There are 2 protein chains.
Amino acid sequence: MFSKATEYALRATIYIAQKGSEENKLGINEIAEAIGSPRSFTAKIMQLLTRDHRVVSAVRGPNGGFYISEKSKNLPVRAILEAMGEEHVLDKCVMGLKLCSEKQPCPMHSKYKIIRKQLIKLFVVKTIRQLSSEIKDGVVFIHQGKKGKKI
Amino acid sequence: MFSKATEYALRATIYIAQKGSEENKLGINEIAEAIGSPRSFTAKIMQLLTRDHRVVSAVRGPNGGFYISEKSKNLPVRAILEAMGEEHVLDKCVMGLKLCSEKQPCPMHSKYKIIRKQLIKLFVVKTIRQLSSEIKDGVVFIHQGKKGKKI
DNA sequence: ATATTTATGGATAATTTTGTCTCTAATTCT
DNA sequence: AGAATTAGAGACAAAATTATCCATAAATAT
């Protein structure tokens, strides 16, 4: 559904929200290890999440690291998608039609729009805070996926 | 949600199901133009859809081309995803966790599972035939999308 | 049989996404 | 002030996806 980058962003943000705080900032090494993402790539992603302090905040130097302000924790999960420039995924036509709409619906439109509506709602009503408090004990954030060639 | 390849596969299959028949096979040029996909790339995709005559059938030579048997039209849309090796997209965890489950749910699991269920159902109950009969007049299958760099 | 038409298969190229490395800038501590 | 620590930024590399090209195989028509 989302790109690897956005998956990492979701995991990193929620992990930071749960484990960190302004007093206890988390370093990129800890974050990357915790969520099972490549360190340097994750650092890049953090740059997207931190610019303009929109979602995540960062402080350099000793005892520096990443944290999420209490205010930012009230942002909807969608804010993470926005920071990653993938919020359009929620609105997209299943068949990839640019012009899919009520006026010119693709064959799946009428059925999918109901699902899309719930999907959008999920990302808008759920806040980062709510999600971070929903992490169950023993849940591993690590994902080791591999893909084979298809064509 | 899906790869470009799979989007093209969905569009091509449904287009062929609606416009073609065993008596009136459609050529790759017509198909690619109709659905707004690159010709040669679409030819590759057709190879995936036609192997073992699972979804689409193909005949070479003059008056040859692609068509979908009446039997295949009764296949669920999911069969297209399977031919493209993307059926897992329907089951995937939103956050990309390999081990996301009832036992070890990611923070979005409980809410998303309801949506996922509907998504799976949509792809299983809807047949290619049903979708092909749902194409509204004047609907353009063409999509001209562009992407910018994110990182 | 031959020419024509159409898909097939393989190699290759372009683009995008993912991932790495290194040097720099900011911050803190002593 | 200087050393240490941490994120930031840029160039670069690898891998996956998307796209193109060309020679070949199969089928038809003449």
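Numbered from 1 within each chain, the chains take letters A, B, ... in sequence-line order. From a predicted model like this one, the values you see are computed outputs, not experimental measurements.
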Kindly say whether [Y] contributes a backbone atom to a donor-acceptor pair with the side chain of [X] at under 3.5 angstrom?
{"X": "A:Ser133", "Y": "A:Gln130", "answer": "yes"}
{"X": "A:Thr6", "Y": "A:Ala9", "answer": "no"}
{"X": "B:Thr50", "Y": "B:Met46", "answer": "yes"}
{"X": "A:Arg11", "Y": "B:Met95", "answer": "yes"}
{"X": "A:Glu87", "Y": "A:Arg78", "answer": "no"}

Return all side-chain donor-acceptor pairs below 3.5 angstrom for residues 16-24 of chain B, not counting sequence neighbours, or 'none' if the list is empty.
unit_1, atom_1, unit_2, atom_2, d
B:Ser21, OG, B:Glu23, N, 3.3
B:Ser21, OG, B:Asn24, N, 3.0
B:Glu22, OE2, B:Tyr67, OH, 3.4

(request) Using heavy atoms and a sub-4.0 Å distance, could you list which residues of residues 13-22 of chain A are near DNA chain C? By number, please. (result)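 Hits under 4.0 Å, by residue number: none.
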
(message) What residues from residues 26-40 of chain B pass a heavy-atom cutoff of under 4.0 Å to DNA chain C?
(response)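 Here the set is B:Leu26, B:Gly27, B:Ile28.
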
Ignoring backbone atoms, test whether [X] places a side-chain nitrogen or oxygen under 4.0 Å from the OP1 or OP2 oxygen of [N].
{"X": "A:Tyr8", "N": "C:dT18", "value": "no"}
{"X": "B:Thr50", "N": "C:dA7", "value": "no"}
{"X": "A:Gln47", "N": "D:dA7", "value": "no"}

(message) Quick check: any donor-acceptor pair below 3.5 Å linking the side-chain of A:Lys4 to the base of C:dG19?
(response)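 Counting by modelled atom types and ignoring angles, no donor-acceptor contact under 3.5 Å is found here.
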
Whole Å only: how far is the [atom1] atom of [X] from the [atom2] atom of [N]?
{"X": "A:Glu7", "N": "C:dT17", "atom1": "CD", "atom2": "P", "value": "14 Å"}
{"X": "A:Arg60", "N": "D:dT6", "atom1": "CZ", "atom2": "P", "value": "14 Å"}
{"X": "A:Tyr67", "N": "D:dA7", "atom1": "OH", "atom2": "P", "value": "13 Å"}
{"X": "A:Leu48", "N": "C:dT18", "atom1": "CG", "atom2": "P", "value": "12 Å"}
{"X": "A:Ile45", "N": "D:dG8", "atom1": "CD1", "atom2": "P", "value": "13 Å"}
{"X": "B:Lys25", "N": "D:dT28", "atom1": "NZ", "atom2": "C1'", "value": "11 Å"}
{"X": "B:Arg51", "N": "C:dA7", "atom1": "CZ", "atom2": "P", "value": "19 Å"}

(message) Is it true that, when you exclude A:Asn63 itself, more than 12 heavy atoms of the residues, nucleotides or ligands shown sit nearer than 6.0 Å to its CG?
(response)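 Atom CG in A:Asn63 is not packed in, count stays at 12 or less.
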
(message) Is the shortest side-chain heavy-atom distance between A:Ile114 and A:Gln118 below 4.5 Å?
(response)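 Yes. Closest side-chain heavy atoms under 4.5 Å.
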
(message) Quick one, B:Ile128 and B:Leu131 - any side-chain contact, counting heavy atoms below 4.5 Å?
(response)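 No - every pair of side-chain heavy atoms lies 4.5 Å or more apart.
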
Given [options], identify the nucleotide with an atom nearest to the side chain of [X].
{"X": "A:Phe66", "options": "C:dT8, D:dT18, D:dG8", "answer": "D:dG8"}
{"X": "B:Ser3", "options": "C:dT8, D:dT18, C:dA25", "answer": "D:dT18"}
{"X": "A:Phe41", "options": "D:dA9, C:dG19, D:dA27", "answer": "C:dG19"}
{"X": "B:Ala58", "options": "C:dG9, D:dG8, C:dA7", "answer": "C:dA7"}

(message) Could you report the tightest heavy-atom contact between A:Ala32 and A:Thr42, atom names first, then the distance?
(response)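 Scanning both residues, the minimum pair turns out to be CB-OG1, 4.1 Å.
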
Pairwise N/O distances under 3.5 Å, protein to nucleotides 1-4 of chain D:
none

(message) On DNA chain C, compare the nucleotides closest to A:Asn63 and A:Phe2; which residue's is nearer the 5' end?
(response)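 The residue mapped nearer the 5' terminus is A:Phe2.
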
(message) Applying ring pair (Phe, Tyr, Trp, His ring centres under 6.0 Å) as the test, list every pair that has at least one member in residues 98-117 of chain A; sequence neighbours left out.
(response)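 For residues 98-117 of chain A: none.
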
(message) According to ring-ring contact (aromatic ring centres under 6.0 Å, His included), who are the partners of A:Phe123, at least two apart in sequence or on a separate chain?
(response)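 Expected list: A:Phe2.
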
